[in-house]
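So the structure is just underneath, and the comments pick up after that.
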Amino acid sequence: MSFNEPPGEPTPPPSKPPAAAGAPPASPAPAPTEAPAPALTAAPSLSPSPSPEQQPPAAQPYPQHAPPQPYPAQAYPAQPYPGPQPYPGLPYAGQSPPGHPAGPYPGLPYPGPHPATDVLRSPRGLAVALTALLSVAAVVNLFAAGISGYVFSLMQSLIADPAKVGDSTLERGDLLTGVAGVLQSLMLLATAVVFVIWFHRVRVNGEIFDPSAFSQTRGWAIGSWFIPFGNLFMPFRIAKQIWAASTQRGPDGSYREVSAAALNAWWALWVGSLLLDRVFGRLYDRAETPQALRTASAVGIVTGLFTVGAAVLAVVFVRRLTALQTTKAEQGPYAAV
């Protein structure tokens, strides 16, 4: 080629090395399914291009990572639980239960959670009112026993000499007997209302002290008094359970028995007075002769004395049980000595 010839177009470099001599012609490569990569702006190299097997992988602008996991997928190590812990709402001696007023009854350990209404309420106010009512009832029944004695003496005189007893004297005896009966009924009603309220309160307190001490629900502390024939023994059984639940245990947690002689004697006289009062009422209503009226009056004397004794022992029982609950509430379930 002469230097005077005009320069022609440069020959482009081969895209791949020439096939070796004697090799069969290569078949055309299949068209790629993906979009071709953008062309590079750099000048084409004169060196032969590497084969597809030798081409390095296309550079990625950012490395592909798995999406972050919010929590690692691994098992949590087993955490040993601590030993038995006291119930969060279980106070120890000298502490007030949470959510309950301290009041005069702090420091009672509960065996389990109780409703908000199950709080210790002091029975001392009701015990004072009940003591006053029982004292008045004892005086009224003593007056009734005296009236029965007066009628008994009238009937004795009437049987011995009917001329010595006038009609006005007999009418006065009937009037005094009626007055005594009305006073007894009024005092019995007033005393019974306060007594049942006090009895139910100490029953609720006893359940807080020891729920396992009772075989029936607390409603029986009221309903048992109104069951015919059942009221002769059911309230007594409930009273025994309240007495046991209100008694402090020994310092070592052992059962400590407190004499319930006041409870037993009160109930015996109370049941006896109830039975005698029914007998007296029937005898008095059927009495048509001085002899029958004298017999009824004699039963009335015994009935009045039984009722006076029952009222006195009821005061002892009420004050003793109230003292037991107050001591257990203030000092805790275990006695110091």
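Screening residues 159-178 for ring-ring contact (aromatic ring centres under 6.0 Å, His included) gives no qualifying pairs among residues at least two apart or on separate chains. For the salt bridge (charged side-chain N to carboxylate O under 4.0 Å, His left out) condition, no pair includes a residue of residues 241-251, sequence neighbours left out. Pairs passing the ring-ring contact (aromatic ring centres under 6.0 Å, His included) check and including a residue from residues 157-191, sequence neighbours excluded, do not occur.
Residues satisfying the side-chain contact (heavy atoms from CB on, under 4.5 Å) criterion with Val179, sequence neighbours excluded, are Leu175, Leu183. With sequence neighbours left out, the side-chain contact (heavy atoms from CB on, under 4.5 Å) criterion links Leu186 to Val182. Among residues two or more places apart in sequence or in another chain, the side-chain contact (heavy atoms from CB on, under 4.5 Å) test is passed with Ala244 by Tyr255. With sequence neighbours left out, Arg203 forms a salt bridge (Lys or Arg N to Asp or Glu O under 4.0 Å) with Glu207. Shown here are the side-chain contact (heavy atoms from CB on, under 4.5 Å) partners of Ala268, two or more places apart in sequence or in another chain: there are none.
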Side-chain donor-acceptor pairs under 3.5 Å in residues 162-169, sequence neighbours left out?
none

Atom pairs and distances, donor-acceptor, side-chain atoms in residues 293-313, under 3.5 Å, two or more places apart:
unit_1: Arg294; atom_1: NH1; unit_2: Gln156; atom_2: OE1; d: 2.6
unit_1: Thr295; atom_1: OG1; unit_2: Gln291; atom_2: O; d: 3.1
unit_1: Ser297; atom_1: OG; unit_2: Leu293; atom_2: O; d: 2.9
unit_1: Thr303; atom_1: OG1; unit_2: Leu276; atom_2: O; d: 3.3
unit_1: Thr303; atom_1: OG1; unit_2: Val299; atom_2: O; d: 2.8
unit_1: Thr307; atom_1: OG1; unit_2: Thr303; atom_2: O; d: 2.8

Donor-acceptor pairs under 3.5 Å, side chain of residues 137-150 to any protein atom, not counting sequence neighbours: which ones?
unit_1: Asn141; atom_1: OD1; unit_2: Gln184; atom_2: NE2; d: 2.8
unit_1: Asn141; atom_1: ND2; unit_2: Ala137; atom_2: O; d: 2.7
unit_1: Ser148; atom_1: OG; unit_2: Ala144; atom_2: O; d: 3.2
unit_1: Tyr150; atom_1: OH; unit_2: Arg172; atom_2: NE; d: 3.4
unit_1: Tyr150; atom_1: OH; unit_2: Arg172; atom_2: NH2; d: 3.2

Would you give me the side-chain donor-acceptor pairs under 3.5 Å for residues 256-266, sequence neighbours excluded?
unit_1: Arg256; atom_1: NE; unit_2: Gln248; atom_2: O; d: 3.4
unit_1: Ser259; atom_1: OG; unit_2: Ala261; atom_2: N; d: 3.4
unit_1: Asn264; atom_1: ND2; unit_2: Ala260; atom_2: O; d: 3.2

